[in-house]
Amino acid sequence: MNKYRSHNCNELRKSDVGSKVFLSGWINKKRDHGNLLFLDLRDNYGITQCIIEKENSKFDFLEKMQLETVIKIEGKVVNRSSETINKDIETGEIEVAIEKFEVLGTCKELPLPVFSNQEYAEEIRLKYRFLDLRRKKIHENIILRSKVISFIRSEMNKFGFLEYQTPILTSSSPEGARDFLVPSRLNPGKFYALPQAPQQFKQLIMVSGFDKYFQIAPCFRDEDARADRSPGEFYQLDLEMSFVEQEDVFNVVEKLLVSTFKRFSKKKLMFDKFPKISYADSLLQYGSDKPDLRNPLIIKDITEIFTRADVSFDIFKKLVKSGSRVRCIITKDTKDKPRSFFDGIDKWAKEQGASGMAYFTFEKDKEISGKGPVGKFFSKAALLELMKQTGANVGDSIFFACNKLKELERITSLARDKIAKELDLIDDNTFAFCWVVDYPMFEEDEQTKKIKFSHNPFSMPQGDSDKINFDKPLEILAYQYDIVCNGIELSSGAIRNHKPDLMYKLFSIAGYNQKQVDEKFSGMINALSFGAPPHGGIAPGIDRIVMLLANEKNIREVTMFPMNQNAQDLMMNAPSEVNDEQLKELSLSLKTKK
RNA sequence: GGGGGUGUAGCUCAGUUGGUUAGAGCGAUCGCCUGUCACGCGAUAGGUCGAGGGUUCGAGUCCCUUCACUCCCGCCA
């Protein structure tokens, strides 16, 4: 038995009554009755109520003790009478009668209370993160994160994957996010970059013949933060496999995510076998490549209707003639919804920067009619055709918008979400995973109109490499895929291009000549020409998985020591200035000096 | 880089149309209280109303500038 405790604060039960124990922990809460003091002692494991009476010579001293002081108490476990049992804590049937105690760590007046369910400003939570982390909810989130990570490690091992570390100091890459740079002392004027992901290394691990790799890998990207995106660093379950097709990667990841989510959440899984949706279909049906499949609403393209002579909705007809499209969302059996519901959506759409959402409800008295402000513009035949194309029935309503494709996708995607929330169609107690597949290899840069890689330049294009039509690069699809859960992008991956010739060809379309590719990706391209196996992988985001499991909307709630939005660590004061000596060693001088 | 929100006691917040001495709960300090588990009761202390400037007889409140935090857009293969 060690000198601090015989038991932890969640261990004592009725069967321990009568035994003498030592407990150490934090004073979570005191309830002072003047001649009788209740003191809740807390540690990582739980809470034990301790009591002391006036007769004890230590009473006055203990009565004055600050909350969050760390103490060791010595005493006897006693039974609680039935009416004083606390069912909310696991040790609630007993309490410890304090005989002696000792202060192990004093505590100043608290800048933020630990025992409270109040919300605090993040600034103060991050500055005193060690106090914040004592609080129940976040303490449990961090423990959950640890358990999820160990579970994933053990599952991956069971699947035959081995974990390998890859360098943290590596080279800057031209594609993707902004790099964090680290100046080299031994190589003046040169810089390392922190890896945005171990992308090239994991492929090199495959070329090195290791077959199945994984790593809980830190990734560093110098981009602006969001609620679900830490500035600076985050973690991925990075994995890669040799001699595999897309389907092999899917099988591993599906098994892993299903077992992880079933183990760590009570929510239902909508699919054990994740549906696959092509990128093109996803944009059409959901307006986004991150579809929330809990939402049953589907977007349909009804542009053709607006070319009919018996449709007189002239504003839309004119826009359609100049290249805009019309897309709609059907809501089931909404004929009795109040006018305010429909106008609310229209008003909301305008607030989102759209020109609004038109709507009407399909009604039938003797004949089909469209009830609503713009229903009158459609003939009976047009209405019937519209119902046929969209699957709408009498009593259903239609919301539609007209715009250029990209903007139309944006607004219908938002509307799909908004309408579903208004109608309460999304089951918050469900996880709906899906694969988004068949991403295009290239896309056109909106500003420069140049062709660029749409995702990962190392992805394998689909089809026989002899037969790919390189003259129409925007039509080339890649074996590139994403996992989406409840509208959140969890990860993306690909079957990689392991053929150097094909790689040069694809890079040339994106504007890199052979020499540039050799320079920028020397490690990779060199390796691929020495017998590279076909391989592929994926990298699910650990932080977002834990967010979903912990039901948190903010990534900082599942991160132990996060930085704030300006990428500062308020507790450690990072980043900080360095002295001239350090700069000199690194051959650096600062342009801006305060 | 741009847009929105917030900023008042250690913490969480209220503060009316611009009006005289800026409030509450929790916490702190002191006192009372032997069965609480958000214990209860009483008292006391605690404020550069984020900062600076302006309008006004008078500003927490209105205007301008600025700072911090946060959410979003851009960005993030």
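This one's a predicted model, so the numbers in the text were calculated from it and none came from an experiment.
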Exercise. By nearest nucleotide on RNA chain B, pick out whichever of A:L110 and A:L570 is the more 5' one.
Key: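 Nearer the 5' end of the strand: A:L110.
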Self-check item: Closest nucleotide among B:G27, B:G35, B:C11 to the A:E95 side chain
Solution: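 Among B:G27, B:G35, B:C11, the one nearest the side chain of A:E95 is B:G35.
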Distance check, [atom1] atoms only: [N] and [M], in whole angstrom units.
{"N": "B:G25", "M": "B:A43", "atom1": "P", "value": "10 Å"}
{"N": "B:G3", "M": "B:U17", "atom1": "C1'", "value": "31 Å"}
{"N": "B:A45", "M": "B:A22", "atom1": "P", "value": "14 Å"}

Quiz item: What does nucleotides 71-77 of chain B look like as a protein-contact string, B for base, S for sugar-phosphate only, - for none, at under 4.0 angstrom between heavy atoms?
Solution: BSBBBBB
Quiz item: Salt bridge or not for A:E123 and A:K127, using N-O below 4.0 Å?
Solution: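 No, A:E123 and A:K127 are not salt-bridged.
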Practice problem: Whenever both distances are under 3.5 Å in a Watson-Crick or G-U wobble pair, mark it; put RNA chain B into dot-bracket that way, with [ ] for crossing pairs and | when the partner is on another strand. | Solution: (((((((..((((.....[...)))).(((((.......))))).....(((((..]....))))))))))))....
Quiz item: Considering only heavy atoms and no angle criterion, is a donor-acceptor pair shorter than 3.5 Å present between the side chain of A:R125 and the base of B:C69?
Solution: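 Check fails, no donor-acceptor contact within cut-off.
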Exercise. Indicate yes or no: at least one non-hydrogen side-chain atom of A:N456 is less than 4.5 angstrom from one of A:R496.
Key: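 Sidechains of A:R496 and A:N456: in contact.
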Quiz prompt | Cation-pi geometry met for A:K520 and A:Y512 (6.0 Å, 45°) | solution =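 No - A:K520 does not lie over the ring of A:Y512 by the 6.0 Å and 45° rule.
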Quiz item: Over how many whole Å does the gap from A:R80 atom CZ to B:G35 atom C1' extend?
Solution: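 It is 10 Å, rounded to the nearest whole Å.
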Quiz item: Expressed in angstrom and rounded to an integer, what is the separation of A:Y120 atom OH from B:U70 atom P?
Solution: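 After rounding, the gap between these two atoms is 18 Å.
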Quiz item: Counting N and O atoms only, with roles assigned by atom type, does the side chain of A:N486 sit under 3.5 Å from a partner on the main chain of A:I488, one being a donor and the other an acceptor?
Solution: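 A pair under 3.5 Å: no.
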Quiz prompt | OP1 or OP2 of B:A38 under 4.0 Å from side-chain N/O of A:N117 | solution =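 False: A:N117 side-chain N/O out of range (4.0 Å or more) of B:A38 OP1/OP2.
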Quiz item: According to a strict under-4.0 Å criterion, is A:Q118 in side-chain N/O contact with OP1 or OP2 of B:A38?
Solution: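 So the side-chain polar atoms of A:Q118 never come under 4.0 Å of the phosphate oxygens OP1 or OP2 of B:A38.
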Quiz item: Which parts of residues 27-49 of chain A get close to RNA chain B, meaning a heavy atom less than 4.0 angstrom away?
Solution: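 Under 4.0 Å from RNA chain B: A:K29, A:R31, A:D32, A:H33, A:G34, A:N35, A:L36, A:F38, A:Q49.
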